[in-house]
Amino acid sequence: IEMHCQAVIVPNENDGEELAYTARELFKYYPAVRDLACVPTGITKYREGLPFIPDVDKAYSEKLLDLVDKLNAEFGVDFLLPADEYFVKAERGLKPVPFYGEFEQIENGIGMTTKFLDEAYRALDELPKNKAGRYALSAPKKSLLLCGVSAAKVERELVEKCNGTIEGLQAEILPVVNTFFGETVTCTGLLTGRDMVNAVEEYRKRGGGFDEIVLAGNTMKEFEDVFLCGMTLDEMKEKLAFENIRVNRLGGYGFIEILSTVQKTA
């Protein structure tokens with residue numbers, strides 16, 4: 001039996017030496033206990049009457065990542081797996097694909113960004129190119145890519161390469177602030193339909209235009225086109241009076257598939 005454990009890190013409570021103690025105790029059972037995910041406490045704006053929990057910032061993330069590296073070096077294996085959010089907040093490069101093994105902890109936000117980027121760059125490289133080294137769309141288009149504030153920081157370089165590689169593509173990232181759960185919630189998977197609609201409407205007011213909107217599939221329920229706020233995809237299309245909203249449920253490969261094809265709507 002192989003176990004994958006998770007530690008929800010509360011700043012100044014179970015981090016530092018407490019985290020080191022927990023990791024060392026669990027590592028005694030390695031490889032039966034294969035790894036320990038380190039994830040930040042999810043803090044929403046709905047905390048009236050609850051104890052104060054500080055948000056994770058750059059300095060804190062740097063300190064935690066340094067501790068993780070130190071402990072993994074001590075163990076001789078990549079036993080502690082920090083959430084992607086720590087790398088974004090610390091403004092550090094992500095770990096490579098082999099660090100995450102088979103991505104067993106991906107549902108906890110561990111390695112999701114690395115996997116997505118690896119798949120996307122592979123798919124982009126595999127597109128058939130012309131003599132100029134570019135892939136030509138059947139017709140020009142502008143794609144508006146909706147994502148959380150954290151994802152926007154790590155996807156910019158990828159989107160720039162897509163625009164340079166796919167002839168006729170003009171893709172733009174629209175970071176969506178999470179007002180439903182609070183601005184401290186910055187991951188794409190917790191965006192609501194309401195906030196995304198508001199972001200697109202504000203974008204339009206600033207004079208922005210687009211031929212398609214691209215959404216991440218994890219903003220919806222697994223088997224339904226329903227957002228966390230209860231809005232459906234059809235309701236989003238109705239509110240925006242716009243039909244060409246494409247949903248990516250296939251990670252980095254799906255992302256490139258959408259950007260490299262033109263979908264005609266009635």
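- Residues L190 and V247 do not share a hydrophobic cluster, defined by chaining ILVMFWY side chains whose heavy atoms lie under 4.5 Å apart.
- For residues 132-154, the salt bridge (charged side-chain N to carboxylate O under 4.0 Å, His left out) pairs, not counting sequence neighbours, are K141-E212, K142-E172.
- Q263 and N244 are linked by a side-chain donor-acceptor pair at a separation below 3.5 angstrom, with hydrogens and angles left out of the test.
- Evaluation of the ring-ring contact (aromatic ring centres under 6.0 Å, His included) rule for F103 yields Y100 as partners, not counting sequence neighbours.
- Pairs passing the salt bridge (charged side-chain N to carboxylate O under 4.0 Å, His left out) check and including a residue from residues 177-186, sequence neighbours excluded, do not occur.
- Every residue was checked against the ring-ring contact (aromatic ring centres under 6.0 Å, His included) condition with Y86, not counting sequence neighbours, and none meets it.
- Remark: D78 engages no residue in a salt bridge (Lys or Arg N to Asp or Glu O under 4.0 Å) (not counting sequence neighbours).
- Each salt bridge (charged side-chain N to carboxylate O under 4.0 Å, His left out) pair with one or both residues in residues 217-232, not counting sequence neighbours, appears once here: D225-R249.
- Residue pairs that meet the salt bridge (charged side-chain N to carboxylate O under 4.0 Å, His left out) test with at least one member in residues 99-115, sequence neighbours left out, are K115-E119.
- The ring-ring contact (aromatic ring centres under 6.0 Å, His included) test applied to F99 returns no partner, not counting sequence neighbours.
- When the ring-ring contact (aromatic ring centres under 6.0 Å, His included) test is applied to Y135, no partner is found at least two apart in sequence or on another chain.
- V154 shares a hydrophobic cluster with V88; the chain of contacts runs through ILVMFWY side chains whose heavy atoms sit under 4.5 Å apart.
- Ring orientation note: the planes of F79 and F75 are nearly perpendicular, at an angle over 60° on the 30°/60° scale.
- With respect to the salt-bridge test (charged N to carboxylate O, under 4.0 angstrom), the residues K58 and E62 qualify.
- Shortest non-hydrogen contact noted between F27 and V77 is CE1-CG2, 3.5 Å.
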Could you list the donor-acceptor pairs under 3.5 angstrom formed by side chains in residues 46-56, with sequence neighbours left out?
from: Y46; atom 1: OH; to: F180; atom 2: O; distance (Å): 2.7
from: R47; atom 1: NH2; to: P51; atom 2: O; distance (Å): 2.4

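- Remark: D57 engages no residue in a salt bridge (Lys or Arg N to Asp or Glu O under 4.0 Å) (not counting sequence neighbours).
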